[in-house]
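Below you'll find the structure, written out as structure tokens, and then a few comments.
From a predicted model like this one, the values you see are computed outputs, not experimental measurements.
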Amino acid sequence: MSTAVERTRASDRAYATLLEEIQSGDLAPGTVLAEVEQAARLGVSRTPLREALQQLSADGLVEQQSPRVTVVTDIDADDIRSLFEIRRALEESAARLAAVRGDAELFARLAAEFADAGASLGAATGRDDYYALIARFDRAVDAAVDNDYIAAALRTVRTHLVRVRRLSRDNPARLAASVAEHRLIAEALAERDGDLAAHATHVHLRNALTSILDSLKEGQS
């Protein structure tokens with residue numbers, strides 16, 4: 001195996017680990033990511049670590065405050081509102097396209113899974129299973145839309161969304177409402193009703209944004 005390939009794989013591993021830690025909150029906003037310490041902790045040399053940090057910087061998850069100081073970026077209400085502005089534009093358009101291009105039977109099955117998901121939210125793994133279902137639903141929509149540009153833009157949005165979503169993760173009422181909202185979107189896609197799918201997506205995103213901003217306010221009070 002060439003040195004370049006080994007370095008790339010080390011960089012990918014470092015990126016994946018740091019991404020998961022930032023998205024989960026293990027690396028909180030403002031955390032300093034010192035090269036020497038992080039390279040030692042992740043078991044990589046400094047070159048692949050720098051490459052991983054450059055990728056995270058391109059994602060907007062870290063920023064370089066000086067040549068030797070990189071920190072995890074903060075999340076504030078304005079950032080979240082901006083994220084949801086682009087999310088609404090992309091996901092409502094994707095819903096309209098998926099209603100026309102998608103597999104109606106697949107979305108009907110996903111709607112049935114969302115109908116069952118509400119009952120299991122209280123279980124130990126219920127919430128994780130629900131987020132896994134959302135991920136499968138998103139992949140189904142992406143496949144139906146079949147537009148590389150939209151898919152790439154949504155990947156960027158979702159990279160930040162995972163981080164933001166945990167702000168409302170412990171809100172049982174919001175999770176239950178989200179299940180019903182996703183079910184309605186999936187049912188509209190199964191019925192090939194693009195207008196309803198887009199409208200249901202708009203309502204879901206409006207409610208999600210309100211919940212996240214309320215959670216942010218409560219955390220600051």
Sort out for me which residue in Val203, Thr201, Leu209 forms a side chain to side chain contact (heavy atoms under 4.5 Å, CB included) with Leu205.
Thr201
Side-chain hydrophobic cluster, 4.5 Å single linkage: members besides Leu42:
Tyr15, Leu18, Leu19, Ile22, Leu27, Leu33, Val44, Leu49, Leu53, Leu56, Leu61, Val62, Val72
Give the minimum heavy-atom separation between Ala117 and Val179, together with the two atoms involved.
CB-CG1, 4.3 Å
Side chain to side chain contact (heavy atoms under 4.5 Å, CB included) between Glu181 and Leu184, worked out:
CA-CA 5 Å; Glu181 290 160 8; Leu184 179 57; 5.9 Å; no
Where the side chain of Ser211 meets the backbone of Asn207, is there a donor-acceptor pair that is under 3.5 Å apart?
no
If we ignore hydrogens and angles and just use 3.5 Å, is the side chain of His182 paired with the main-chain N or O of His204 as donor and acceptor?
no
Given Asp59 and Arg163, is the salt bridge (charged side-chain N to carboxylate O under 4.0 Å, His left out) satisfied, shown in steps?
CA-CA 12 Å; Asp59 291 338; Arg163 189 183 184 201; over 6 Å; no
Quick check: closest heavy atoms across Leu189 and Ala95, and the distance to 0.1 Å?
CD2-O, 3.3 Å
Does the side chain of Phe114 come within less than 4.5 Å of Ile185's, by heavy atoms?
no
If you look at every heavy atom in Ala190 and Phe107, which pair is closest and at what distance?
N-CB, 3.8 Å
Could you check whether any side-chain N or O of Gln23 sits under 3.5 Å from a backbone N or O of Thr159, counting only pairs where one atom can act as donor and the other as acceptor?
yes
Checking Asp78 against Arg81 for the salt bridge (charged side-chain N to carboxylate O under 4.0 Å, His left out) test, could you report, in this order, the C-alpha distance in whole Å, the side-chain angles of both residues, the deciding distance, and whether it holds?
CA-CA 5 Å; Asp78 288 339; Arg81 290 190 188 95; 3.2 Å; yes
Are Leu110 and Glu113 packed together at the side-chain level, in the sense that at least one heavy-atom pair is separated by less than 4.5 angstrom?
yes
Does Arg174 pair with Asp214 as a salt bridge, N-O distance under 4.0 Å?
no
Would you please test Glu91 and Arg87 for salt bridge (charged side-chain N to carboxylate O under 4.0 Å, His left out) and show each step?
CA-CA 6 Å; Glu91 292 197 8; Arg87 188 184 177 197; 2.9 Å; yes
Can a donor-acceptor pair be found, under 3.5 Å and without considering hydrogens, that links the side chain of Arg101 to the backbone of Val145?
yes
Got a donor-acceptor contact below 3.5 angstrom from the Arg192 side chain to the Gly102 backbone?
yes
Do the side chains of Thr31 and Glu21 get nearer than 4.5 Å, heavy atoms only?
no
Please tell me if the side chains of Glu92 and Arg96 come closer than 4.5 Å, counting only heavy atoms from C-beta onward.
no
Is the shortest distance from a Lys or Arg side-chain nitrogen in Glu187 or Arg183 to a carboxylate oxygen in the other one below 4.0 Å?
yes
Report yes or no: does Ser93 contribute a side-chain atom to a donor-acceptor pair with the main-chain N or O of Leu90 at less than 3.5 Å?
no
Within the side chain of Tyr130, is there an N or O that forms a donor-acceptor pair under 3.5 Å with the backbone of Ser178?
yes
Does some side-chain heavy atom of Ile80 sit less than 4.5 Å from a side-chain heavy atom of Phe84?
yes
Among the clusters formed by ILVMFWY side chains lying less than 4.5 Å apart, do Leu196 and Val141 turn up in the same one?
no
